[in-house]
Number of protein chains: 2
Amino acid sequence: MGVTIHDVARAAGVSVASASRALSGRRKVTPEIAERVARAAGELGYQPNAVAKALRDQTTGTIGMVVPGIGNPFFTTIVEAVERELQNSGTDLLLCSSQYSPEIEARRLETLLARRVDGLIISPCDIEASVPAVLDAARRVPLVQLDRHIEGGGADWVGVDDEAGLALAVDHVIAGGARSVVFAGSRLVSSSARLRLSGFERAAARTGVEVLPPLLGEFTLEWGVEAGRMLLDAGRLPDAVVCANDEIAVGLVRSLRFGGKRVPGDVAVVGFDDVGHATMCDPPLSTVRQPVEEMAAEAVRLLGQVKAGDPRPAQRIAIAPRLVVRQTSRPVAAGVAD
Amino acid sequence: MGVTIHDVARAAGVSVASASRALSGRRKVTPEIAERVARAAGELGYQPNAVAKALRDQTTGTIGMVVPGIGNPFFTTIVEAVERELQNSGTDLLLCSSQYSPEIEARRLETLLARRVDGLIISPCDIEASVPAVLDAARRVPLVQLDRHIEGGGADWVGVDDEAGLALAVDHVIAGGARSVVFAGSRLVSSSARLRLSGFERAAARTGVEVLPPLLGEFTLEWGVEAGRMLLDAGRLPDAVVCANDEIAVGLVRSLRFGGKRVPGDVAVVGFDDVGHATMCDPPLSTVRQPVEEMAAEAVRLLGQVKAGDPRPAQRIAIAPRLVVRQTSRPVAAGVAD
DNA sequence: GTGAAAGCGCTAACAG
DNA sequence: CTGTTAGCGCTTTCAC
């Protein structure tokens, strides 16, 4: 390490200013100088020091992204989408996981801010506990929330329209003949958990079918398995279960089938997300697909417009999801016996 | 943004040097100054600028990590393990995905180097095409390869002992009564793909059982499904199939069962990795567990010892894996009929 | 069109 | 123990 622009300038027999200009191409230099500088840089293996440039320019060309967990396929999918979106913008992504802990989240935000990222995309792990750190960060740098968000209107947000998504799922199973439904979701620590439950409840209430008490645990396959077991133990199965994400749904289907029930024969199951788990399921999972690419594109676009500590009211952009009907929710008559 | 140490110093009525010393605590100051500086910093919301510090110190407190893909659960698991390992060392991780492309990989390495990371942990996507970029990076900064590696001995490496792992799997299925075996793996673009195939072949040859031609595709569930279909179509099933990773194995089990075969009744299946997919499988997958935590710890430890462009011979640390027997490889006699 | 020099924010000599 | 100052590598005025 260690060949600087001074070395290049000296080797080319010009001033550092000229070397800088030649290298960046942002200002005119004689072709001859351009040529000499280019060759010198090549021969010495010059590589500009991004740290020095960042200090000088007061901009790092990086944005930070914080997600609750990198083990959850939904978050890795959305991270990849953001990465693709940033691909050719010359902006790099600094990725951090909060490991579902508001404390770690706050620490990660601090170090990202200390490293002077130009912006922040975050999916806050906790709707309440994440508030101070997110608001504080938003005051210092452009910030947009993606997927999850904190309560109150303190920061911009892009995500899926959970309400609409759950309505899609509920209406679908009811159209398939379900007379009783239950929701299998997560404890209400995140905005997603809350909005999906309330979306479910509202949609179900509208139709007037019987609604069993919701099963609330984690966004995991393990919890899905357990929720299935609870349903089995309860002795009476609803006609349909609507899940807060695909992992729960996959676990649920597995444990229902293990318990001797047919899906969709005895009970219809619908997931949420559609990020890969769904087709892995056996039988393939009906689910509500989040428009991940659009969400990522919208988040990046919005980030470009947000200003730090902007006093204008925060925007909330909810993108409509789409129902994807596969096998777990086929009406019995039409369905392949599982 | 923008309260600097000068502002703090002025507010506290001391010099920047004293402010710096008080803040860092690395040198003695009078309690009174310490107190005044601390209060000023608190009131102004001072946050040190890591960019300036990095330029000054010629060290950033970050290490870069490049993995082939963040969608693959094995890589996210190992990333999390490295993160945990770095947790309290004050070192931050800059994570990048090469998306299985040597070109993108080279670009990511460039920007990581430009950002002056203090070290690099990489799982090179291609055993041949990744060579120049990895070697070049290793010349500039301490680097260790984790899991995958490039050919030749140009850079240190920590990973699992593939040879031993495959021997474990092969011996296990043969002990269970298998008289014919086949390997389902990936095309030979990565070291893992090559070593697992050769490990399989060596172990199988040693035992003298019949070995069918290997099935080589991708490290994905989809390829596993297809490989299963190919086996089915071939008309004659081997007694056991040993897979290069769990995703392939899960897909294979699914398609074998879909084709009316019993696992493990008609054919035993063993995976590789054991990072979560295995227990999701139905029936639970027998597999070879990679000691991910140890690998991560060892990689971080080794990185601390490596020097850039060190002329000493590169180290290769292969950690022994462990066989985890679940349901897909139970001997027929003992097995639960699937 | 080119070069000299200032300055981004910080820390570590170096004097006092 | 404290303050002044140089300098990390870069870009961009500001003069010429």
Side-chain angles (χ1 to χ4, degrees), chain A residues 1-38 40-41 44-62 90 110-111 113-118 140-141, chain B residues 1-38 40-41 44-62 90 110-111 113-118 140-141:
Chain A
M1 297 279 42
V3 20
T4 77
I5 200 168
H6 283 91
D7 303 324
V8 175
R10 192 174 326 117
V14 300
S15 71
V16 289
S18 290
S20 174
R21 295 194 264 254
L23 257 7
S24 75
R26 297 176 55 77
R27 240 175 193 67
K28 287 196 124 45
V29 289
T30 26
E32 199 215 321
I33 288 193
E35 156 67 17
R36 293 220 310 270
V37 169
L44 284 100
Y46 170 70
Q47 194 199 28
N49 182 327
V51 174
K53 181 171 165 49
L55 179 59
R56 158 76 219 204
D57 295 352
Q58 299 289 71
T59 168
T60 53
T62 54
E110 276 304 307
T111 70
L113 255 13
R115 294 194 189 296
R116 296 303 192 261
V117 291
D118 298 335
R140 312 168 91 105
V141 82
Chain B
M1 298 279 44
V3 19
T4 76
I5 200 168
H6 283 91
D7 302 324
V8 174
R10 192 174 327 116
V14 300
S15 71
V16 287
S18 289
S20 174
R21 295 194 265 254
L23 257 6
S24 75
R26 297 176 56 76
R27 239 174 193 68
K28 287 197 124 44
V29 290
T30 27
E32 199 215 322
I33 289 194
E35 155 67 19
R36 292 221 309 270
V37 170
L44 281 86
Y46 170 70
Q47 195 199 29
N49 182 328
V51 174
K53 180 169 167 50
L55 178 60
R56 159 76 220 203
D57 296 352
Q58 299 289 71
T59 168
T60 53
T62 55
E110 276 306 308
T111 69
L113 254 14
R115 294 195 189 295
R116 296 302 192 264
V117 291
D118 298 334
R140 311 168 95 108
V141 83

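In this text the structure is predicted, and so the values were computed from the model without any measurement.
Comparing the axis of the opening five pairs of the helix from C:dG1-D:dC16 to C:dG16-D:dC1 with that of the closing five pairs yields an angle of 50°, rounded to 10°.
Every residue meeting the side chain to side chain donor-acceptor pair (under 3.5 Å) condition with B:T62, not counting sequence neighbours, appears here in chain and number order: B:T60. Applying the side chain to side chain contact (heavy atoms under 4.5 Å, CB included) criterion to A:Q58, with sequence neighbours excluded, gives no partner residue. Qualifying side chain to side chain donor-acceptor pair (under 3.5 Å) partners for A:T30, counting only residues two or more places apart in sequence or in other chains: none. Evaluation of the side chain to side chain contact (heavy atoms under 4.5 Å, CB included) rule for A:S15 yields A:A17, A:S18 as partners, not counting sequence neighbours. With sequence neighbours left out, B:E35 forms a side chain to side chain contact (heavy atoms under 4.5 Å, CB included) with B:R39. Checked against side chain to side chain donor-acceptor pair (under 3.5 Å), A:S24 has no partners two or more places apart in sequence or in another chain. Legend: residues meeting side chain to side chain contact (heavy atoms under 4.5 Å, CB included) with B:A38, ordered by chain and number and at least two apart, are absent.
Counting only residues at least two apart or on different chains, the salt bridge (charged side-chain N to carboxylate O under 4.0 Å, His left out) pairs with a member in residues 21-33 of chain A are A:E32-A:R36.
Using modelled atom types, one side-chain atom of A:Q47 and one backbone atom of B:E110 make a donor-acceptor pair closer than 3.5 Å.
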Tabulate below the donor-acceptor pairs under 3.5 Å that side-chain atoms of residues 2-10 of chain A make, not counting sequence neighbours, or state none.
from, atom 1, to, atom 2, distance (Å)
A:T4, OG1, A:H6, N, 3.0
A:D7, OD2, A:T4, N, 2.8

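What separates CZ of A:R27 from C1' of D:dC14 is a distance of 12 Å, to the nearest Å.
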Legend entry - Under 4.0 Å protein heavy-atom contacts per nucleotide of nucleotides 4-9 of chain D, with B for base, S for backbone only and - for none: B-BBBB
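Think of the region where chain A sits on DNA chain C: with heavy atoms and a 4.0 Å cut, that region ends 5' and 3' at C:dG1 to C:dG9.
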